[in-house]
Amino acid sequence: MNPHAPTAANPLREGLSNRQMPQPCSVVIFGASGDLTFRKLIPALYNLAADADLPAATNIIGFARREKTDESWRAELKETTAKSSRSGLNEQIWQTFGSRVYYHPSEFGQAAGYQSLAQRLDTLDTQSATFGNRLFYLSVSPTDYEGILTQLAAAGLNRPRDGAWTRVIVEKPFGTDLASAYALNEAVGRVFREKDTYRIDHYLGKETAQNIMVLRFANSIFEPLWNHRYIDHVQITAAEPLGVEQRGPYYEKSGALRDMVQNHLLQLLCLTAMEPPTDLGADSIRDEKVKVIRSLRPMTPADVARNVVRGQYAAGAIAGKEVPDYRAEDRVSPQSMTETYAALKVSVDNWRWAGVPFYIRVGKRLAKSGTEIAVQFKNAPSVLFNLPDEPLGPNVLVIRIQPDEGISLRIQCKMPGNAIHIEPVKMDFHYGTSFGKASPEAYERLLLDAMSGDATLFARRDEVEGAWRFIDAIEDAWHQTPNPPPLCTYPSGSWGPKEADDLLELEGRAWRRM
Ligand code: BG6
């Protein structure tokens, strides 16, 4: 998958993996005191080290405003990594890993902080043979992106030395609409080349999301059926029982559509709907995804009223525990009009998918946690077994992204006995039982790919902007038109507003029960 093959291969890994060990580098994390750093980034780097996937010389430098020392940050990280790491924490591995972790306190806008960072990186290069390779990770509020980029450029940190590389990973949200995403792309583009810019969408790093292409293009039985002749519709669901937690101020401005649909769910849709790429190069794959985004039928305000349902959670119970209204959550406006749920009917106007609706639903405080893609095939002809007065259900291929990662296919079977009774059964594949080992966390794969120069699982500029163009039309219909469609409510612990059920029922369909 890696078109920029790194040079420092570890011969012991040959034959075990299709990836070579990336070159050693210094990873600089802006936003070192942030939640993402503690919960995801450091545990991911630690697990890469524990699995011997991280070059031993890799340095990790945390850059943030708060005053801390290397030692105090290491102590904090050790505690939080022990809680968040998928493999726990091994004292011996941590000793080696932790000794390469450093803290660099500075204001984001302070030039001196970047000059001293440059010196520090030079020293680390000499000590640990990282050869000037640098990966900058922007895990800060988007309002800080531009300032950090400007300072990096002023300190010359964006320019690679001869034979070395510098890359930047930008966390989501990548803009809040097309205009802001465009402006951010311009700002990043002034400092880093597109090929060195890695826009993260952690859904693409999930093992099961990567398996969508393998399922489609490494097997011969699905592709002939994968089109409007055999598929009735596709449902993509991302359900979370969690509420907005401590993220009120961010979520109030975002809502479910911007938070999850613009990025994660449209990416899943692209992987499901795309044509086979010419090869596995990052740009070949991303070219095909962009074509899907360009084929999404843009929505007029009337389409939005017909095809999109927005909802907000009211009080209710999750796993037997009372939970409050969204409007009563921490730092959320009591009059908030922010959606915590969205259901959409999306049309992909191309030859393969003409007339096949893609239904997307996403919500917080729903009954159960689960992300899946359900491909529902057309019914068997109404002769022999699938009779009009006793219709059989359709075949459904379900790709479970999480939890219980796997794939199942629903088929009709004769029940044992002397009469013909037909019942649906499932052919089921579970990652856990088939491979007997836990999937790596999405951030592990993504960090490793960025270090290796493989941008396949990162969003390209045109993908991000195309997705915003589609989403902006819906946001505008909700917030800029005189008679916007209503914001429905749903009790916490339910499956969302009734209006979302109506969206499918009107067309003789129903959401899958998860
Ligand atoms: C994030 C969203 O990108 O994805 C969150 O901002 C959401 O609101 C999260 O909870 C879901 O990710 P995952 O990996 O838990 O499905």
Side-chain angles (χ1 to χ4, degrees), residues 31 34-41 43-44 47 84-86 137-142 169-176 181 198-212 236-269 271 310-313 318 323 326 329-332 336 338-342 360-373 399-406 431 438-447 457-459 464 467-468 471 492 496 514:
D35 191 47
L36 188 77
T37 305
F38 288 117
R39 277 193 316 109
K40 297 284 183 192
L41 303 183
N47 277 303
S84 304
S85 149
R86 68 174 164 84
Y137 198 123
L138 304 189
S139 172
V140 292
S141 154
I169 301 185
V170 188
E171 250 306 326
K172 77 174 268 269
F174 201 91
T176 52
Y198 291 72
R199 297 171 191 80
I200 220 158
D201 184 317
H202 77 280
Y203 266 53
L204 291 178
K206 290 182 192 277
E207 194 64 45
T208 34
Q210 293 168 48
N211 197 33
I212 299 172
I236 304 180
T237 301
E240 289 181 285
L242 283 180
V244 68
E245 311 296 295
Q246 306 313 312
R247 299 164 75 215
Y250 155 74
Y251 202 82
E252 276 284 88
K253 293 206 200 90
S254 161
L257 195 67
R258 290 189 174 110
D259 184 46
M260 293 285 288
V261 182
Q262 185 273 341
N263 35 66
H264 310 325
L265 297 190
L266 284 185
Q267 285 289 346
L268 294 182
L269 184 150
L271 291 169
R310 54 176 174 157
Q312 190 184 70
Y313 61 78
I318 300 272
V323 292
Y326 174 71
E329 296 274 21
D330 180 28
R331 290 170 296 161
V332 165
S336 173
T338 300
E339 82 286 356
T340 58
Y341 176 99
I360 294 179
R361 68 177 156 162
V362 55
K364 293 209 181 278
R365 286 278 192 242
L366 296 186
K368 227 171 130 181
S369 162
T371 304
E372 65 165 44
I373 301 166
I399 303 170
R400 291 187 304 272
I401 303 291
Q402 59 187 23
D404 184 21
E405 290 94 342
Y431 273 75
S439 301
E441 283 271 333
Y443 278 96
E444 294 174 35
R445 171 67 196 252
L446 295 172
L447 281 159
L457 301 179
F458 293 83
V464 171
W468 275 123
I471 294 297
S492 290
M514 288 174 59

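Quick caveat, the model's predicted, so the values are computed rather than measured. All ligand and atom numbering here is 1-based and tracks the order in the structure.
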Which of Arg199, Arg258, His264 passes side chain to side chain contact (heavy atoms under 4.5 Å, CB included) with Lys172? Answer is His264
Looking at Glu329 and Lys364, is there a salt bridge between them, counting it only when a charged N and a carboxylate O are closer than 4.0 Å?
no
Show me a pair-per-line table, with atom names and distances to 0.1 Å, of protein N or O atoms that are under 3.5 Å from an N or O of ligand 1.
| unit_1 | atom_1 | unit_2 | atom_2 | d |
| --- | --- | --- | --- | --- |
| ligand 1 | 3 (O) | Lys172 | NZ | 2.8 |
| ligand 1 | 3 (O) | His264 | NE2 | 2.7 |
| ligand 1 | 6 (O) | Lys172 | NZ | 2.9 |
| ligand 1 | 6 (O) | Arg247 | NH2 | 2.8 |
| ligand 1 | 6 (O) | Asp259 | OD1 | 2.6 |
| ligand 1 | 6 (O) | Asp259 | OD2 | 3.3 |
| ligand 1 | 8 (O) | Arg247 | NH1 | 2.8 |
| ligand 1 | 8 (O) | Asp259 | OD2 | 2.6 |
| ligand 1 | 8 (O) | Lys364 | NZ | 2.9 |
| ligand 1 | 10 (O) | Glu240 | OE1 | 3.2 |
| ligand 1 | 10 (O) | Glu240 | OE2 | 2.5 |
| ligand 1 | 10 (O) | Lys364 | NZ | 3.2 |
| ligand 1 | 12 (O) | His202 | NE2 | 3.2 |
| ligand 1 | 14 (O) | His202 | NE2 | 2.8 |
| ligand 1 | 14 (O) | Lys206 | NZ | 2.6 |
| ligand 1 | 16 (O) | Tyr203 | OH | 2.5 |
| ligand 1 | 16 (O) | Gln402 | NE2 | 2.6 |

Testing the 3.5 Å rule here: is there a donor-acceptor pair between the side chains of Thr371 and Gln402?
yes
Exactly one of Gln210, Glu207, Lys206 should register a side chain to side chain contact (heavy atoms under 4.5 Å, CB included) with Arg445. Which one does?
Gln210
With no hydrogens and no angle check, do the side chains of Glu339 and Tyr326 hold a donor and an acceptor under 3.5 Å apart?
no
Residues that Phe174 engages under ring-ring contact (aromatic ring centres under 6.0 Å, His included), provided they are two or more places apart:
none
